[in-house]
Amino acid sequence: MTFTLAHLSDPHLAPLPRLRLIELVGKRVTGYINWQRRRRFIHDADVLGKIVADLKTQPADHIAVTGDLCNIALPEEFVRGAAWLQSLGAPGEVTVIPGNHDAYVRSTIGEPRRRWGDHMRGDDGAGEFPFVRRRGPLALVALSTAMPTGVGMATGTLGATQLARLGETLAALNREKLFRVVLIHHPPVSEAKWHKRLTDAAEFLRVIGAQGAELVLHGHDHLHMLNWLVGPNGTRVPAVGVPAASAAWGMSANSAAYNLYAIDGAPGAWTCEMISRGIGAAGAVIQQRRKKLFG
Ligand SMILES: [Fe+2]
Ligand SMILES: [Fe+2]
């Protein structure tokens, strides 16, 4: 039976909550200026509402959200993030990982776990990354690249501990013959400038090269992306990115969209078809693309 996984990312929930002057410190100052000058014209709550409403008409068995629910990580943004996640689906039906905007400043670094913890933990109840959720023939392997960085920086880092655990986890899930879906905020392959990249992308690609995965899903660059990573024994692993789920039409390179993955077949002979649905020029959500990734 076909299992359908939906993927959306980077909702960057708008509008920004009213903030107190005392909260406008450190990196939030430039983040706030950025929001007022540019980002508030891109991230649109109505557009996000249309994307979510359309997603709800689709036969999705599970929804993956790859981070950046916040903008400048104000305490209130995490509360709104929790309400939005709940509106998307129950914790068992929606898996979230944090993005760099959810770890924007040190003072609210514990908030994703505190507010979104139910949607952000493994089947065993553990919250450390990578955590694993098994759904049908799938194993979702959730990573975190989110860490506070300096002003003007949007990098992400997995770190040696998480990378080592990722390798062990992928190997174990491969022995279980599950369809392994890796969730990561930052793209492992990107054209973005160095200050927006995954700092240990080379190490991540080495783990995928050694242990493989069936699918890697990411956000962060706010673009439709498809890169083929090299797995063991000449296998190829698609790494797919989606635009920001709130991006208004014509305001950035790619307007709001999400992807559906119809997964079928059996271990060693999986099939996977990707369907992209997104906001069109007329303001309605339409099917943009249908592509067989493998099988
Ligand atoms: Fe983002
Ligand atoms: Fe990001």
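Note that ligands are numbered from 1 as they come in the structure, with each ligand's atoms numbered from 1 the same way. Start at 1 with the first residue, then count along the sequence.
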Ignoring hydrogens and angles, write down the donor-acceptor pairs under 3.5 Å from the side chains of residues 241-253, residues two or more places apart or on other chains.
unit_1: Ser246; atom_1: OG; unit_2: Pro11; atom_2: O; d: 2.7
unit_1: Ser246; atom_1: OG; unit_2: His43; atom_2: ND1; d: 2.8
unit_1: Ser252; atom_1: OG; unit_2: Asn254; atom_2: O; d: 3.4

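Ring to ring, His101 and His12 are close: their centroids are under 6.0 angstrom apart.
Listed by chain and residue number, the protein N/O/S atoms under 2.8 Å of the Fe ion (ligand 1) are Asp10 OD2, His12 NE2, Asp68 OD2, His222 NE2, with waters left out.
For the pair Arg40 and Trp35, the cation-pi criterion (under 6.0 Å, within 45° of the ring axis) is not fulfilled.
Listed by chain and number, the residues in a salt bridge (Lys or Arg N to Asp or Glu O under 4.0 Å) with Arg290 are Glu273 (sequence neighbours excluded). For Asp118, the salt bridge (Lys or Arg N to Asp or Glu O under 4.0 Å) partners two or more places apart in sequence, or in a different chain, are Arg121.
Among heteroatoms of the N, O or S kind in His185, NE2 lies nearest the Fe ion (ligand 2).
A donor-acceptor pair shorter than 3.5 Å cannot be found between the side chains of His220 and Asp10.
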